[in-house]
Amino acid sequence: MQTSRRNFMRIAGGSAILLAASSCTSGPGYPDPRLPWRSAETEVDPMRFALAHALLAPNPHNRQPWMVDLRSPTKAVLYCDPAKDIPHTDPFDRQITIGLGCFLELFTMAAATQGYRAELELFPEGSDQVTLDNRPIAKLELHLDDNIQSDPLFAQVFARRTNRNVYTEQKPNSADLNQIIGSNNNIRTGYAISDAKINPLRALAAEAARIEFETPRTYMESVHLMRIGSHEIAANPDGISLEGPAMGLLKKIGIVTREKLADPTSSAFKQGLKQYQQAAESAAAFVWIITPDNSREQQIAAGRAYIRQNLAATELGLSMHPLSQALQEYPEMAEMLEQVHDLTNSSGQRLQMFARLGYAKAKQPAPRFPLSAKIISHGKT
Ligand SMILES: Cc1cc2nc3c(=O)[nH]c(=O)nc-3n(C[C@H](O)[C@H](O)[C@H](O)COP(=O)(O)O)c2cc1C
């Protein structure tokens, strides 16, 4: 029963991805795909304010899987859009759930700055370990609370990024790393900073990237989600943005096209893999998050911890970039998954997030769908 539902979700998700990819060239749906980064603060209704900040959360492949049933200015229900899954690289929706955890932490922080305590009831109708189904992720309620304090990390929400640039050789100091991993004190975290520890992790991250790129079904999942140039990004402000001043031209003259990117013999493919590996190998440090088990609740907790680490790094002027390839659950990656658990001393538990840290050139914010695109119904009581 569960398996057949999972298969159905995969098929549904897969065709949604294809539809999204084929609709890429169909006109400017969202002419300013970064507007949500500027408009969140203008929301006056407390629930919309908290949600408009929450949707700036990091999330795998920028799928933005959240869907919100807005019930009132203080009540809503969060769902996961099954069409936003990434079935080959995230076969059990583990990463998608972590992204929803990031969303819920930002939601809670944004509510607190408005004087509201966010009450979250996770998985009120239960959950499935194999797939996120159509049951709610969380019931959200806001309560005015005179004792609520705003969180200092909230000041970093608009500056936070996932930075995929090559990092400089400058190492963060261990006080900074302790501050980052200590930004959440009830979850197990770790870091590596010495050459002896980071070199094997750099090599592992680069090798895991090679496996994902050279496994056709996992790589093609990314290709379908690539948005090449500003027109495609405006049509679908999600997925993997390939942009820059020359991108429109490179696409026009046929150097960077979806077909070229899909061809492992093309220079576009080779360049893409090389860039990802060079980025991984430039890690100045690594940080990670481990949970005692792999339940949905622990995946949410890992997401809540990850966004706090990302915000703490931002406060310290450090860039951060998750490298999830080795953590993924498919047969070709099994050996890497075991190795990354060994190297982070997390064997027997679940390594949920693994990210590089360092100093890098700044990066612009990633595109987002606006809140209006994520609301599934209005006015119910
Ligand atoms: C669970 C999870 C896994 C992620 N894994 C990767 C990854 O392997 N490689 C990568 O480049 N980005 C990864 N990211 C970062 C997302 O791609 C990024 O959050 C998204 O594109 C939105 O960009 P932003 O964080 O700059 O807002 C991951 C994020 C999350 C929450």
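Ligands are counted one by one from 1 in listed order, and the atoms in each one are counted from 1 as well.
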Student: Ring of W37, cation from R161 - is the NZ or CZ under 6.0 Å from the centre and inside 45° of the axis?
Tutor: yes
Student: Please list all pairs passing the ring-ring contact (aromatic ring centres under 6.0 Å, His included) test where one or both residues lie in residues 151-177, with sequence neighbours left out.
Tutor: H53-F154, H53-F158
Student: How is the hydrophobic cluster of I181 composed, in terms of its other members, when Ile, Leu, Val, Met, Phe, Trp and Tyr link through side-chain heavy atoms under 4.5 Å apart, directly or indirectly?
Tutor: I98, L177, I180, I187, Y191, I193, V287, I289, Y306, L316, L318, M320, M353, L357, Y359
Student: Give the residues near ligand 1 by chain and number, with the criterion being a heavy-atom distance under 4.0 Å.
Tutor: W37, P58, N59, P60, H61, N62, Q95, I98, R160, R161, T162, R164, Y276, H321, P322, L323, S324, Q325, M353, A366, R368
Student: Quick one: hydrophobic cluster around V166, which other residues, with the 4.5 Å side-chain cut-off, linked directly or via members?
Tutor: none
Student: Show the nearest heavy-atom pair for residues T89 and Q328, with the distance to one decimal.
Tutor: O-CG, 3.2 Å
Student: Angle class for the F213/Y276 ring planes (parallel below 30°, perpendicular above 60°, tilted otherwise)?
Tutor: tilted
